[in-house]
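Written below as structure tokens is the structure these notes are about.
What you are looking at is a predicted structure, and each value in this text was computed from that prediction instead of being measured. The sequence lines fix the lettering, A, B, ..., with proteins before strands; numbering per chain opens at 1.
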There are 2 protein chains.
Amino acid sequence: MKKRVTLKDVAEAVGVHVSTVSRALDPKTRHLITAEVAEQILKVSTELDYRQNAAAYSLKTNRTRTIGVVVPDITNPVFPPIIRGIEDRLAASGYVAILANTDGNRRREVSITQTFRARGVDGLIMASVERDDEAISRLSQDGLPIVTVNRQVDDPGVSSVVNDEDAGMKLILGHVAGLGHQHVANIAGPQALSTGTARLRAFEHHRDLLGLDDDPQLIAVANAFNDEEGVRCAEELLSRGVAFTAIVCSNDRLAIGATAALRRRGLSCPDDISVTGYNDMPMVDRLFPALTTIRVQQYDAGHEAADILLEMIETPPERRRRRHVVLPVDLMVRESTAAPSKTQGRARRARSAARAAMADPATMPAAE
Amino acid sequence: MKKRVTLKDVAEAVGVHVSTVSRALDPKTRHLITAEVAEQILKVSTELDYRQNAAAYSLKTNRTRTIGVVVPDITNPVFPPIIRGIEDRLAASGYVAILANTDGNRRREVSITQTFRARGVDGLIMASVERDDEAISRLSQDGLPIVTVNRQVDDPGVSSVVNDEDAGMKLILGHVAGLGHQHVANIAGPQALSTGTARLRAFEHHRDLLGLDDDPQLIAVANAFNDEEGVRCAEELLSRGVAFTAIVCSNDRLAIGATAALRRRGLSCPDDISVTGYNDMPMVDRLFPALTTIRVQQYDAGHEAADILLEMIETPPERRRRRHVVLPVDLMVRESTAAPSKTQGRARRARSAARAAMADPATMPAAE
DNA sequence: CTGTTAGCGCATTCAC
DNA sequence: GTGAATGCGCTAACAG
């Protein structure tokens, strides 16, 4: 491997001192140098293809231009766009991201943040937090810039970028109610996650505003945002014996599970029961039936989170301000919702039973 | 932000010299230290929560325990499992990954590898290479450990981990031929990518071994691994007027596009024409029709690539050996393949025309 | 076995 | 405006 060219090499080539080169290369201190000398230094340094040694820079300045990104699982389709948004924004400012997966495991999260801190990250973007995450609050209070994406912690001191859950539920319920549904069930997400509680709260709120059936038996709470829990909760709802013609799910995976559960029971979606998701994951427009859902702006969320974080990093700790950004969402109406059938007819049910043979949900775990 | 505890702090607390602490903390040099002293140092250092300063370590040793991972686009579902495999392996050895997306742009790839080199990465894992990528060959010859995943460069000097394309095509063609198809079309991938050429070569090879129709008109070459190209190639095949009852596609996205194109023409899959994919992307088991495809071991590929890279890093440059690992693949038979219909009947075509109204392919670009 | 010394490449304070 | 000197925290060669 070729030897790297250092400031010293450039200094010797130009015939000036190292510190002069250092100043000339930094836009902030360039004005201290005679214009011609600076120009010459710049020229030679590009000729020699000089690159600042990141380790030396970090050791000296205590800044790494590296930020840590923590997600539950990069394999969950919700996260790649967020990460992409983060990286695009970071790259524009010469920062890079180091990435880690927690699998929703609290202990791993702690050990990861410690590793990242040892690496001297300038900040953290967390997509994996639970509502009561004290470790994050503490790190944040210690002065480490942190912003959460997609989710947030209850502590309002930690900056966040989230989607407008209230607006999303309003759109979904408005759509479903508009189709004529009066008895709408809800599969809520884990209440340890802000997305879970916010969407449940919004569901209840707009359900009441719209005058829909508010029987608490119409709500089932999932323990995770995955297919299996969608299946379990749908079965639970069906077994309770309360009548409903639509199920609003707190995310797409729950909806996929719920749809599969209906199918197994010989019920058709949307003929017998409408189902909605949340997130608009890739490919849900190609499912059978194509899923009506809420599109959230994952890329923008990541981009914005990185933007806020960089701003925090460049602001002296005492002047830093927490920020909470809420991004707008869109309703995607597809095939999984329809007007409630008056008859709940046999013919329909028979037809849908034929489909019931189709595959069970993949057993991929997921959280968001 | 609390002040970080350094070797010096530990040394003072224990009452020994910094270098003693340094040695005691490194498993490789620990044996040089009296057992009791070492134990005491270990104890104090955990009490104080000492963490090695990564920048100082790097500056001194010229190693960063950081490796660069370059993918075309993390948003393409093929890559997250690979990345996850890489990270899990790296984490086990105390390494971290920094990630960047090229969007298949050669210039970006070069600039990214330069950035990474400036950051002093210990090695590179490239999922984005084209066959004739000279920049990579050069870097590799310069002594920078590099391994490509999923794809490979033509230069055999660069280590790689790929899937068994020949076996995959053999499985697919065996399955299709076994169903009774004699005239099998192929939508091949971009020939600038090793996956594209390898799968095409394998297709031709096994087509001939099986005695299938070898009309060159049955092959269409896509310019990218995405839905639109799948549509375009399927239409091209149909417009050529050659008869076929199955289309073998070089990846899942092409297959999705091809299926959509058939549908628009009022043709049903698999009733009129069978379609196969390649990769077994998430969710393709839930499409309509669920896609018959080849499952490749993305996670394992990433894991193995990281493993090889770490081994290279720990081997002195002159003793390093190139390695080429080929991972086995599996056939996933689902609903998109069936025996060829003798009649190509009107009734069938009418029925499938009803489905033709369904959504067009999403306009997401993709490469693999 | 342990302490001493040097220096990795850089930014920055202090002289001039 | 520029050069000289210092030290960030660590490892490694050398000395004892």
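Within the nucleic acid shown, B/L32 comes within 4.0 Å of at least one base atom, counting heavy atoms only. Within 4.0 Å (heavy atoms only), B/V18 reaches no atom of the nucleic acid at all.
If you take NZ of B/K60 and C1' of D/dT11, they are 5 Å apart, rounded to a whole angstrom. If you measure from atom NE2 of A/H31 to atom C1' of D/dG1, you get 11 Å, rounded to the nearest angstrom. Here D/dG1 presents its P atom at 17 Å from CD of A/E39, a figure rounded to the nearest Å. Here C/dG9 presents its C1' atom at 13 Å from NE2 of A/H17, a figure rounded to the nearest Å. Between A/L25 atom CG and C/dT12 atom C1' the separation is 15 Å, expressed in whole Å. At whole-Å resolution of the value, NZ in B/K28 and P in D/dA12 are 9 Å apart. Look at CD1 on A/I41: it is 13 Å from P on C/dA11, rounded to the nearest Å. Residue A/L7 contributes atom CG, which lies 13 Å from atom P of D/dG3 at whole-angstrom precision.
B/M126 is listed as a side-chain neighbour of B/T113, based on a closest heavy-atom distance under 4.5 Å. In this structure, the side chains of B/L124 and B/I67 stay at 4.5 Å or more apart for every pair of heavy atoms.
For B/Q52, the side-chain atoms get nearest to D/dT11 when compared with the rest of C/dA11, C/dT2, D/dT11. The side chain of B/T34 lies closest to C/dC1 when the candidates are C/dC10, C/dC1, D/dG9. With D/dT11, C/dG9, D/dC10 as the choices, the nucleotide that has an atom nearest any side-chain atom of B/T61 turns out to be D/dT11.
B/S19 has no side-chain polar atom (N or O) that falls below the 4.0 Å cut-off from OP1 or OP2 of D/dC10. Applying the 4.0 Å criterion to OP1 and OP2 of C/dG3, one finds that B/T20 has a side-chain N or O inside that range. Of the side-chain N and O atoms in A/Y57, none sit less than 4.0 angstrom from OP1 or OP2 of C/dT12.
Shortest non-hydrogen contact noted between B/I86 and B/A306 is O-CB, 3.8 Å.
No donor-acceptor contact under 3.5 Å links the side chain of A/K8 to the base of C/dG9. The base of C/dT13 lies close enough to the side chain of A/R23 for a donor and an acceptor atom to sit less than 3.5 Å apart.
Side-chain polar atoms of A/R119 and B/T66 form a donor-acceptor pair below 3.5 angstrom. In summary, the side chains of A/S194 and A/Q152 do not present any donor paired with an acceptor at a separation below 3.5 Å, with no hydrogens or angles considered.
Between B/D103 and A/R84 there is a salt bridge, with a side-chain nitrogen of the basic residue lying less than 4.0 Å from a carboxylate oxygen of the acidic one.
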| said: What verdict does the salt bridge (Lys or Arg N to Asp or Glu O under 4.0 Å) test give for B/D49 and A/R117, after you've listed the backbone C-alpha separation in whole Å, the side-chain angles of each residue and the deciding distance to 0.1 Å? | reply: CA-CA 12 Å; B/D49 195 32; A/R117 240 162 71 106; over 6 Å; no
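Rotation axes derived from the C1' atoms of the five outermost pairs at either end of the helix from C/dC1-D/dG16 to C/dC16-D/dG1 lie 40° apart, to the nearest 10°.
Under the 6.0 Å distance and 45° angle rule, B/R65 counts as a cation-pi partner of B/Y57.
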